[in-house]
Asks: 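Please find one structure pasted underneath; my questions will follow.
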Amino acid sequence: MLHLLIYLVLHLIYALIVVVVLMSMCAYAVLAERKISSWVQNRVGPNRTQLPILAYIPVVGIMLQRIGFSQPMADGLKFLFKEDVVPGHVKKFYYVLAPCLSLITALVTCTVLPFGLYWAVDPATNQLTEYPLMLANLDIGLLFILAISSLSVYGLVLAGWASNSKYPFLGGIRASAQLISYELAMGVSLLPVFLWASRPGETSGLNLYTIVQSQHGLWLIIWMPISALIFLVSLFAETNRLPFDMAESETDLVGGFHTEYGSFKFGFFFIAEYAHMIVGSAVFVVLFLGGTNFFPYIPDPWPHNYLGAVMTIVWFLAKVVFFVCFFIMIRWTIPRFRYDQVMKLGWNILLPLSVANFLAYLVFFALFPNG
């Protein structure tokens, strides 16, 4: 009983650490969005907010102010202390529940992501063995991610319906149609990844750590570029990022599904968008960019000790940060698609392409079972 209690407490602490890190990354992803957009548009961006205690540090204080280090704290406090107005015509219970659902799905997805490695002596063999750093090492991790990520749209649909207003309702309907359109292509694009990780002798091809291990030599973005491209485009659509933000589309839907939201509840939707972007980037890194592996065909340079474990986490986060910046650059580079263009891309282009891509790899693995 004591061992079970210790096990539960330790995993609760690990989960809290992961949540704190993710929420911190969300806050600074907002800052990165504002700074990168200002750079794209030849502006300065946030550079005036500063904590009083940091302002007195010579040189460093000015540098932190110029890069907007304290801006996320100011934004969070602004959302927290704004008047929380609930319109009289909304369905109040579901109106409050919707922002929570949007954020929870992103947090739950983090549980199966291998974000690092550590080494310990295996009692059975008495040898140093590699283990993944992850909250839950599921054998069906890939299916779990697809299942949970598809639930994220419930928050948007529920927000549109509970707002009891036509523009939010249209935004919720668009979100559900967009998810269905791109979830199919996304799922089919991952079937070659499953075939690659399920080579003869491997019994857990749906395990994300197994997929990372299968990329020790060659990253799957090089071996399966079409699958990576389809998954990436579908990821943009599922996270409702430009040019796929049909659910918000302020040019014709005012604010879309969150038109009736303000203060901290709107902040939840805001943070949920960046949480999905960060988690989606992490999933792409795990599936196609080698996860914690170093560059293709280059041995991992870190030692097999605690320092090496920290280095694997830093390397993984560096890849995720690179992809988050890529997300942001795309938003401020490509204009929003029309709704009919979004549907046409999903059904007429990506879905047939993903099926053809899967059949091609199916024939290849049938002819060459060992890859």
Asks: Could you give the distance from CG (Leu97) to NZ (Lys91), rounded to the nearest 0.5 Å?
Replies: 14.0 Å
Asks: For Lys344, is the NZ atom crowded, meaning more than 12 foreign heavy atoms sit under 6.0 Å from it?
Replies: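 Incorrect, the count does not exceed 12.
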Asks: Where do Tyr306 and Tyr118 land on the ring-ring contact (aromatic ring centres under 6.0 Å, His included) test, with the steps shown first?
Replies: CA-CA 7 Å; Tyr306 290 113; Tyr118 73 97; 8.7 Å; no
Asks: Can you name the closest pair of heavy atoms from Ala175 and Leu156 and give their distance?
Replies: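 Residues Ala175 and Leu156, closest heavy atoms: CB-CD1, 3.8 Å.
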Asks: Which is it for Tyr274 and Glu33 under the side-chain hydrogen bond (donor to acceptor under 3.5 Å, both in side chains) test, yes or no, and what are the steps along the way?
Replies: CA-CA 10 Å; Tyr274 286 92; Glu33 177 98 65; 2.8 Å; yes
Asks: Does the side-chain hydrogen bond (donor to acceptor under 3.5 Å, both in side chains) test come out yes or no for Asn357 and Ser189, once each step is laid out?
Replies: CA-CA 7 Å; Asn357 177 65; Ser189 72; over 6 Å; no
Asks: With distance as the sole test, does Gln178 use its side chain to make a donor-acceptor pair with the main-chain N or O of Ala237 at under 3.5 Å?
Replies: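 Checking the backbone N and O of Ala237 against the side chain of Gln178, a donor-acceptor pair under 3.5 Å is found.
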Asks: Would one find more than 12 heavy atoms of other residues, nucleotides or ligands at under 6.0 Å from atom OH of Tyr14?
Replies: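 Result for OH/Tyr14: open.
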Asks: Using the benzene-type ring in the case of Trp, are the ring centres of Tyr154 and Trp161 under 6.0 Å apart?
Replies: no
Asks: So, does His258 use its side chain to make a donor-acceptor pair with the main chain of Pro99 at under 3.5 Å?
Replies: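 Side chain of His258 to backbone of Pro99: no pair is present.
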Asks: Lys319 side chain to Gly291 main-chain N or O, any donor-acceptor pair under 3.5 Å?
Replies: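 Confirmed, Lys319 side chain pairs with Gly291 backbone.
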Asks: Looking at Ile211, is its backbone amide N or carbonyl O close enough to the side chain of Gln215 to form a donor-acceptor pair, meaning the two atoms are under 3.5 Å apart?
Replies: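 Here the side-chain-to-backbone pair exists.
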Asks: Looking only at the aromatic ring of each residue, does the gap between the centers of Phe264 and Phe79 stay below 6.0 angstrom?
Replies: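 No.
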Asks: Keeping Glu273 on the side-chain end and Asn240 on the backbone end, is there a donor-acceptor pair under 3.5 Å?
Replies: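 No.
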Asks: Among Phe231, Phe327, Phe323, which residue meets the ring-ring contact (aromatic ring centres under 6.0 Å, His included) test with Phe236?
Replies: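 Answer to the ring-ring contact (aromatic ring centres under 6.0 Å, His included) test with Phe236 among Phe231, Phe327, Phe323: Phe327.
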Asks: With a 3.5 Å distance limit and no angle check, can you tell me whether Asp300 reaches the backbone of Phe294 through a side-chain donor-acceptor pair?
Replies: yes
Asks: With distance as the sole test, does Asp245 use its side chain to make a donor-acceptor pair with the main-chain N or O of Glu248 at under 3.5 Å?
Replies: no
Asks: Does anything in residues 163-183 pair up under ring pair (Phe, Tyr, Trp, His ring centres under 6.0 Å), and if so which pairs, sequence neighbours excluded?
Replies: Tyr182-Phe244
Asks: Can you establish whether the number of heavy atoms outside Met63 located under 6.0 Å from its atom CE is more than 12?
Replies: no
Asks: Is there a donor-acceptor pair closer than 3.5 Å between any side-chain N or O of Tyr95 and the backbone N or O of Glu260?
Replies: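 Pair found, side chain donor or acceptor close to backbone of Glu260.
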Asks: How would you list, by chain and number, every residue that makes a side chain to side chain donor-acceptor pair (under 3.5 Å) with Lys265, sequence neighbours excluded?
Replies: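 Expected list: Asp84.
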Asks: Do Phe115 and Val18 touch side chain to side chain, with heavy atoms closer than 4.5 Å?
Replies: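 SC-SC contact between Phe115 and Val18 confirmed.
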Asks: Counting only heavy atoms not in Phe144 (residues, nucleotides, ligands), do more than 12 fall under 6.0 Å from its CZ?
Replies: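 Result for CZ/Phe144: enclosed.
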Asks: Mark yes when over 12 heavy atoms from residues, nucleotides or ligands other than Leu367 sit less than 6.0 Å from its CG; otherwise mark no.
Replies: yes
Asks: Would you confirm whether Thr312, through its side chain, and Leu117, through its main-chain N or O, come within 3.5 Å as a donor-acceptor pair?
Replies: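 Yes.
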